[in-house]
Amino acid sequence: MAQTIKFTIDGVECTAKKGQYIVDAATENHIYIPTLCNIPGVKPRGSCRICSVRVNGRMMTACTTPVSEGMEIENKDPDIEDIRKAIIELMFTEGNHFCPSCEKSGNCELQALAYRYQMLAPRFKFMFPKRRLEATHPKLIKDHNRCILCKRCIRAIKDEEGHSLFAFARRGHNVEIIIDTKYSKNMTDEQAREAADICPVGAILVKERAYTDPIGKRKYDKQPIGSDIENL
Amino acid sequence: MDKTIDAIINNYNRDKNRLMDILIDTQDTLGCVPDSAAEQIADALDISKVDLEQTLSFYHFFSKEQRGKYTVYLNNSAVANMYGRKEVARIFEEEAGCKFGEVTKDGLIGLFDTSCIGMNDQEPAALINGVVFTMLTPYRVRELVKGMRKGLKVEELLRTGYGDGNNSSPLIRSAVNNHIMEKGPVLSEDYVPGDAIKKIIKLDPAEVIEEVKNSNIRGRGGAGFPTGLKWDFCRRAKDKRRFVFCNADEGEPGTFKDRVILTERPRLLFEGMAVAAYAIGAAEGILYLRYEYKYLKKFLENILDEMRSKNLLGKNIASKKGFDFDIRIQLGAGAYVCGEESALIESAEGKRGEPRDRPPFPVEKGYLGHPTVVNNVETLCSVVKVMLYGGEWYRSFGTDESTGTKLLCVSGDCHYPGVYELEWGFSVADILEMVGAENVQAVQVGGPSGTCIGPDGFERILGYEDLATGGSLIIIGPHRDVLRDIVLNFMDFFIEESCGSCTPCRTLPVAIREKLIKIIEGRGVMQDLMDIERWRFIMKVNRCGLGHTALNPVLSTLKNLRHLYLDLIQKEVEYDTGFRLDEAVKEGKLVTNRT
Ligand SMILES: Cc1cc2nc3c(=O)[nH]c(=O)nc-3n(C[C@H](O)[C@H](O)[C@H](O)COP(=O)(O)O)c2cc1C
Ligand code: SF4
Ligand code: SF4
């Protein structure tokens, strides 16, 4: 049996199995740490940085850092919460997000986080980048305007032999997701749906699906993101 | 299927971890990596083409299109500009007939910018087909382009003669100069290769580490981690296959001392790697050499052969049974972030140079998942001297907290730029006097990621306890426009070099750069300065040191040279959105044909 260890989040005593990531351990203790790039069960990558917490005085990503005995974690600290809000704002200003017309609206994790963090007007200037809308793929539409470059699709979607279907191109503020034409040809409908669902925002859409859930029935219509964890 | 490409792939055993080498060789052969070659390589390695492109598009020196029979990469560092880069670039464009970022219509000449190539003491400098051209002038540029039009070999364009020391040796033949101004333990001629190895093999590896700890030496690559402790961690790892990496990426603008060591003391460096290998129990070593220093590769490989033939590398080194260690050279392809140790390892595995999440640290899981020690060139050289003369001797140099010597790379507005090996603990003022710099306005210590100090900070001392530096010291004279010529250039550098993984590092420097321009153009207000100082905290959650320091150019000048900003901002205006009516309606005016 895995060894049980004790640690604290904002002074609250918690327990976890040794080796568990902070995010997962927090969830089990009904404490919500916001995430965007994380996919439970898939090797984490720590790219969006929104789950940053202070561990023994240092900023660490909760999705990539395992808990250890006696760890003191700060999560709800106002400075940390402001950094998270800033990251959400940076994501909104870095791309082109027009929520009212987006297929993912109401089911979008970025939008939900913006509500949770009560983002009004972002403190940063909109960059209005020129980005592509890619519809050449047989099953998918890739709207680069909405991509927050979280890499979920890269990490979660592979073909049976483990070939990547999605990858990162270029670097810095010019990075972009690219789709492999050879291996994605064999993508099944189910895989296409999986890709669209894994995307936290509306950057990957299944062709000919458009809006699925009526207002009121969408994931974050009734309660803020994270409340399922807090009210478990 | 292209047979040449296939031969290249086979040369690296069809190993996807050697993708960097395969792409470099392909580009050397074809001039670029066209789609057809990319497909062939991806298929042969059984990876998706997008996985290949992921690596290919990350590195600045790779290209999918031809970049000209003569490809000019002109350094665009701040110091290059101080020495007249702008005029040199203009003449290049005028003579070649194309702009930077383009190739001439006949495909003869390509002009491209590149981040600091490690020649700050002999700028403006350029790489043309891998050959370094230093101290360019408009006249030289006209000659160069004439030579290209005549179809001369790149080597034939080098009319200035070869540089000092080994720079003119048959295997290098480069115009680069060492400019060694002061020598100490590392650069001293008093060195016999192999003496340290012969000494350590009589010791237990743990005793070697003890001696290194005793010297108190800390990493010379910038981060300053205690070397003995790092080795100790690695030695304690369970996995017995271990690696020693030497970090010769030297990408921090204004740093060029590793280039000088590689040119003049390569045996000392390789011996240092062998000492590290013995201490941690590694059999395999990799020297990660930045692409800009490719001109040294043949020379270095020859030294490796020589050391193998003298039994200083290879099996049973110095006849010590079981002491096996060998070194290969891994080339980079142009990315500053690859100097970060985990990005360096990723790159050596053929991937994008994206830093890893830590923990685990490289000493636990590094190259191919095995425990790996990464050390800077200078650190490894210094350790050889520690082993020869003892940790106590080493501690007699420098200060309590910063022991030993440091190779400083001085460039900018002074009479004697070059490499100075000095004890830690000199004040900036001492050094300014030594290098012949007068009426200095500011000094950039440690490159763009370091600190910019004004005259009231010149009594501060160099050392981990005050002003730490990986070596770069850029001197800024009284006539320079610090914000426009230095700070803006450095911000462009970080924006260009971020790997793009972390949200704040990818986006915030772009927003801050915009504010900086607003301030430089006289439209800034106090609120802008306050915003910058408040937003700095967002950068603390980035993954690596690049993201942690990417705002330093602005932050450190805002702190130490605040008057530069206060002089420029609008005094009576409290708030300014940055909105410019004329800009906003420009397009509309064009469309409607109104003025
Ligand atoms: C963005 C970035 C660039 C770096 N570049 C270099 C470099 O070019 N050379 C180097 O030795 N260390 C560089 N470092 C530091 C390395 O991560 C690492 O600390 C160092 O190589 C360890 O060797 P040392 O302990 O001997 O200094 C860089 C770090 C960062 C964050
Ligand atoms: S497409 Fe979606 S899942 Fe993929 S990186 Fe962009 S936002 Fe993330
Ligand atoms: S801080 Fe910047 S360079 Fe470092 S990993 Fe993050 S995005 Fe890449």
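Letters go in sequence order (proteins before strands), and every chain restarts at 1. Not measured: the values here are computed from a predicted model.
With a threshold of 4.5 angstrom between heavy atoms, A:P66 approaches chain B through side-chain atoms but not through N, CA, C or O. Interface remark: A:S52 contributes side-chain atoms only to the contact with chain B (heavy atom separation under 4.5 Å). Within the 4.5 angstrom heavy-atom criterion, no atom of A:R58 approaches chain B. Proximity to chain A is limited to the backbone of B:C499, based on heavy atoms less than 4.5 angstrom apart. No part of B:E39 comes within reach of chain A, as not one of its non-hydrogen atoms sits under 4.5 angstrom from that chain. Using a 4.5 Å cut-off between heavy atoms, B:D46 touches chain A through backbone and side chain atoms alike. With a threshold of 4.5 angstrom between heavy atoms, A:R84 does not approach chain B through any atom at all. Proximity to chain B is limited to the backbone of A:I179, based on heavy atoms less than 4.5 angstrom apart. Residue A:L165 touches chain B through its backbone alone, counting heavy-atom pairs closer than 4.5 Å. Residue B:A335 touches chain A through both its backbone and its side chain, counting heavy-atom pairs closer than 4.5 Å. Looking at A:I50, neither its backbone nor its side chain comes within 4.5 Å of chain B, counting heavy atoms on both sides. Interface residue B:I47: only backbone heavy atoms are found under 4.5 Å from chain A. In this structure, chain A has no heavy atom under 4.5 Å from any part of B:F494. For chain B, the nearby part of A:Y183 is the side chain; its heavy atoms alone come within less than 4.5 Å.
Side chains of B:S449 and B:N552: no donor on one and acceptor on the other come within 3.5 Å. A donor-acceptor contact under 3.5 angstrom links the side chains of A:Y117 and A:E81, judged on distance only. Defined by atom type and a distance below 3.5 Å, a donor-acceptor pair is present between the side-chain atoms of A:K158 and A:S164. B:T114 and B:H60 are linked by a side-chain donor-acceptor pair at a separation below 3.5 angstrom, with hydrogens and angles left out of the test.
The choice from B:E497, B:E496, B:Q54, B:K49 that makes the most heavy-atom pairs within less than 4.5 Å of chain A is B:Q54. Ranked by non-hydrogen atom pairs under 4.5 Å with chain A, the options B:R506, B:E354, B:K515 are led by B:R506. The most heavy-atom pairs under 4.5 Å with chain A, out of B:I495, B:N542, B:V541, come from B:V541. For chain A, the option among B:G500, B:S48, B:S498 with the highest count of heavy-atom pairs below 4.5 Å is B:S48. For the set B:V337, B:D43, B:D531, B:L56, the entry with the most heavy-atom pairs within less than 4.5 Å of chain A is B:D43.
B:E252 approaches B:Y336 most closely through the heavy-atom pair OE1-OH, 2.6 Å. Summarising the geometry of A:A26 relative to A:I33, their closest heavy-atom pair is CB-CD1, 3.7 Å, with the distance given to 0.1 Å. Counting all heavy atoms, side chain and backbone alike, A:N145 lies closest to A:P129 at OD1-O, 4.4 Å.
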### Task
Show your working on salt bridge (charged side-chain N to carboxylate O under 4.0 Å, His left out) between B:R356 and B:E349 and close with a plain yes or no.
CA-CA 13 Å; B:R356 294 177 176 174; B:E349 290 179 359; 3.1 Å; yes
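Remark: the backbone N or O of A:E72 is not paired with any side-chain donor or acceptor of A:R54 at under 3.5 angstrom.
Of the options A:E176, A:R170, A:R171, a side chain to side chain contact (heavy atoms under 4.5 Å, CB included) to B:S57 is made by A:R170 and by none of the others.
B:Y59 has its ring centre no less than 6.0 Å from the ring centre of B:F61.
In this structure, A:I204 CD1 and A:D143 CG are separated by 11.0 Å, a value rounded to the nearest 0.5 Å.
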